[in-house]
Structure formats: C-alpha cells, structure tokens
Amino acid sequence: MKKWLLLLMTAGLAAALAACGTSSNNSNASGDDKTLIMATSADYPPFESKEGNKIVGFDVDLAKALAKKNGYKLEIQDMDFASLVSALKTNKADIVLAGMTPDEKRKKQVDFSDIYYNAKNMVVTKKNSGIKTDQDLQDKTVGVQLGSIQQDDAKAIQKKYNLTVEDRNKISDIIQEIKAGRFDAAIIEDKVAAGYLKKEKDFHAFDLGGSTNKGSAIAFKKNSDLTAKFNQSLKEMKENGELDQLIEKWFADEK
C-alpha cells in the first residue's frame, strides 16, 4: 500500500512540475503578471524616439494609457523594426507599438488591435534631385526600412520603374544615405517624413501613388487575451477624446 502511495505521489509531483514548465501564448514576457513588455523601434518620431535614455512618443503615451486602464505597468524595449514580430512570437515581448501596419503577412503571425492611427506613405528626396513624381523614380535607388510596409510598396513598383531598392534598419540611416548620395530617395510614412523635413531643409516630399499603408495598430501574440482588453480601452479613448488629445500633442506640428 505504501509503495503504491509513493508512486502516486511521485507521479503527481512530476505532473505538477511539468505544468509549471508549460508556457502559453498568454504568458507574460516580463515574468511579472502586472508588467507588460512593449517592443518598439525608437527611430520613428513622433511615434517613438529617444530623448537621452528615455523612449518617448505617441505610441509610448498610448501604450502607457492603455496599460494603466487595464491594471498593468509598462516596460519598453528598443529593437530593430524587422525583429518586432519575432519578439512577440518568441515571448520576448507582450505588445508591439511601432507605427506598424497590420498587413496580411503579419496577420498570419500575430494578432492586431483596431487601427489607432491612419497614415500614408511619401517619397522623400533632396529638392535638387529632380524627383517630383512617382515617374521620376525611374532607374533610381530608393531606401526603405527593413521589414516595413514601405518596403512592400517599393517592391510593388520596383519592376515598373526599374528601381534599385535598398533597406536599412533605421530611418535615420536612410536619411544619411540620401545626404551622402548613395540613395536617390526614400519611402517613409507621412508623419515621420514631416519630422525629418523640419530638420533637413534641403529635402522635400510628395505622396506615393498606390500606397498600401492602411494605418497603425497594436500587435499581440496570437490568441492573446490582451487583444480584446486593449481594443475595448482603445474604443473608449476614441469616444472620450483621449486619443485625439494624444494625436494633437504629438502631431500638431506636422499637420
């Protein structure tokens, strides 16, 4: 009898240990049930950028507001844009806010919130480049951020205009490539482009025809219970004017 009891106890302990070692899509990346890790790419002002050691921007304020409404603290981690979806899939992050467009390829890998900001893509180039329309991109070298919707847009017109498409991890690097003469132009989201145009007085921009940019949304791990919670809070922020206040705070100068 004692032998059987010992075997049952051993089996029960093994099952308990196995359960403790099992993770789910809703497991928390920080290890703290009340702290969410937000992954972003902090080279995309005014959505996110660095001020000293701090990461600030529209996406940061929005994430903090949504986290607070749902009883969470927020920890922000900066990484290359191309690695953000992977960070969710490998449980290194709980949410991604980075001006990310919910295209079909990403939807197969992660879940998205409702759209929280609408945008469009622009061609950015030097004023003396002679590039004023899409047609002027013929035989030119165009820079895009690696893993971005802008990269998809460039590839969509690559054959039509015989483009050479080059990618970089950061928008700031793309701007430097244009200044150095290695890129003729870049495809950048409008509000981000506006921020760079304020600093680079010899640059100009125009709307990219046929842009596939359908706005920005929050990305979550597949089947995360955070998606419904954050969507509800996002809806409330749209209805009570809180979202408009954040938009005014961060985008007023770019209107």
Side-chain angles (χ1 to χ4, degrees), residues 19-103 106-119 147 191-192 214-251:
C20 290
T22 301
S23 62
S24 71
N25 288 336
N26 295 325
S27 59
N28 192 277
S30 71
D32 178 354
D33 288 341
K34 288 298 180 182
T35 300
L36 297 179
I37 291 181
M38 167 187 157
T40 192
S41 181
D43 65 324
Y44 210 59
F47 288 91
E48 43 269 328
S49 60
K50 288 185 177 179
E51 287 187 0
N53 294 324
K54 290 181 62 179
I55 298 175
V56 299
F58 172 68
D59 280 344
V60 176
D61 281 0
L62 177 59
K64 286 180 177 178
L66 292 170
K68 184 176 180 180
K69 289 176 183 294
N70 287 280
Y72 294 104
K73 296 177 182 178
L74 195 68
E75 179 183 327
I76 305 171
Q77 293 188 3
D78 182 29
M79 56 187 71
D80 290 339
F81 187 86
S83 65
L84 294 175
V85 169
S86 177
L88 288 174
K89 295 171 65 178
T90 57
N91 200 39
K92 293 178 181 177
D94 301 296
I95 60 174
V96 164
L97 282 89
M100 183 175 283
T101 300
D103 62 15
R106 291 174 183 147
K107 285 180 180 179
K108 293 177 181 178
Q109 303 177 76
V110 297
D111 289 339
F112 282 97
S113 71
D114 297 332
I115 297 295
Y116 64 79
Y117 189 81
N118 286 300
K191 295 303 181 184
V192 178
K214 295 179 174 60
S216 301
I218 308 166
F220 306 88
K221 286 173 280 189
K222 274 291 183 183
N223 303 315
S224 171
D225 59 3
L226 293 172
T227 309
K229 293 177 181 179
F230 274 49
N231 260 342
Q232 180 58 40
S233 297
L234 183 59
K235 180 181 178 183
E236 293 170 2
M237 290 184 69
K238 289 178 179 178
E239 292 174 348
N240 65 20
E242 288 181 80
L243 186 60
D244 286 338
Q245 290 175 14
L246 289 182
I247 291 173
E248 183 67 23
K249 173 183 176 180
W250 288 103
F251 300 124

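Counting only heavy atoms from C-beta outward, the side chains of Lys238 and Leu234 approach each other to under 4.5 Å. Considering only heavy atoms from C-beta on, Asp61 comes within 4.5 Å of Lys249 through its side chain. Residues Ile37 and Ile76 are not in side-chain contact: their nearest non-hydrogen atoms beyond the backbone lie 4.5 Å or more apart. Lys214 places none of its side-chain heavy atoms less than 4.5 Å from the side chain of Asp103. No side-chain heavy atom of Phe230 sits under 4.5 Å from any side-chain heavy atom of Tyr116.
For Lys50, the NZ atom sits in a loose shell: 12 or fewer heavy atoms of surrounding residues, nucleotides or ligands are nearer than 6.0 Å. Within a 6.0 Å sphere centred on NZ of Lys69, heavy atoms belonging to other residues, nucleotides or ligands number more than 12.
For Lys221 and Asp94, the salt-bridge test passes: some basic side-chain N is under 4.0 Å from an acidic carboxylate O.
In this structure a side-chain-to-backbone donor-acceptor pair under 3.5 Å is missing from Arg106 to Val85. No side-chain donor-acceptor contact under 3.5 Å links Asn231 to the backbone of Ser113. With hydrogens and angles ignored, the 3.5 Å screen pairs a side-chain donor or acceptor of Ser83 with a backbone N or O of Asp80. With Thr40 contributing its side chain and Ala42 its backbone, the two residues share no donor-acceptor pair below 3.5 Å. Side-chain atoms of Asp59 come within 3.5 Å of backbone atoms of Gly99 as a donor-acceptor pair (strictly under, hydrogens ignored).
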Q) Going through the checks in order, is the ring-ring contact (aromatic ring centres under 6.0 Å, His included) test met by Phe112 and Phe220? A) CA-CA 6 Å; Phe112 282 97; Phe220 306 88; 8.4 Å; no
Q: Evaluate side chain to side chain donor-acceptor pair (under 3.5 Å) for Glu75 paired with Thr35, printing each intermediate quantity in order.
A: CA-CA 7 Å; Glu75 179 183 327; Thr35 300; over 6 Å; no
Q: Give the C-alpha distance, both sets of side-chain angles, the deciding distance and a yes or no for side-chain contact (heavy atoms from CB on, under 4.5 Å) between Leu84 and Met100.
A: CA-CA 10 Å; Leu84 294 175; Met100 183 175 283; 4.0 Å; yes
Q: Evaluate ring-ring contact (aromatic ring centres under 6.0 Å, His included) for Phe251 paired with Phe47, printing each intermediate quantity in order.
A: CA-CA 9 Å; Phe251 300 124; Phe47 288 91; 5.3 Å; yes
(Q) With salt bridge (Lys or Arg N to Asp or Glu O under 4.0 Å) as the criterion, how do Asp114 and Lys235 come out once you've worked through the C-alpha distance, each side chain's angles and the decisive distance to 0.1 Å? (A) CA-CA 9 Å; Asp114 297 332; Lys235 180 181 178 183; over 6 Å; no
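The minimum heavy-atom distance linking Leu97 with Ile218 is given by the pair CD1-CG2, 3.6 Å. Residues Ser224 and Asp111 share a closest heavy-atom pair of N-OD2, 4.1 Å.
Under the 3.5 Å distance criterion, with hydrogens and angles disregarded, no donor-acceptor pair is assigned to the side chains of Lys222 and Gln109. The closest side-chain donor-acceptor pair between Ser233 and Asn70 falls under 3.5 angstrom.
Classification of the Tyr44-Phe81 ring pair by plane angle, with boundaries at 30° and 60°, yields tilted.
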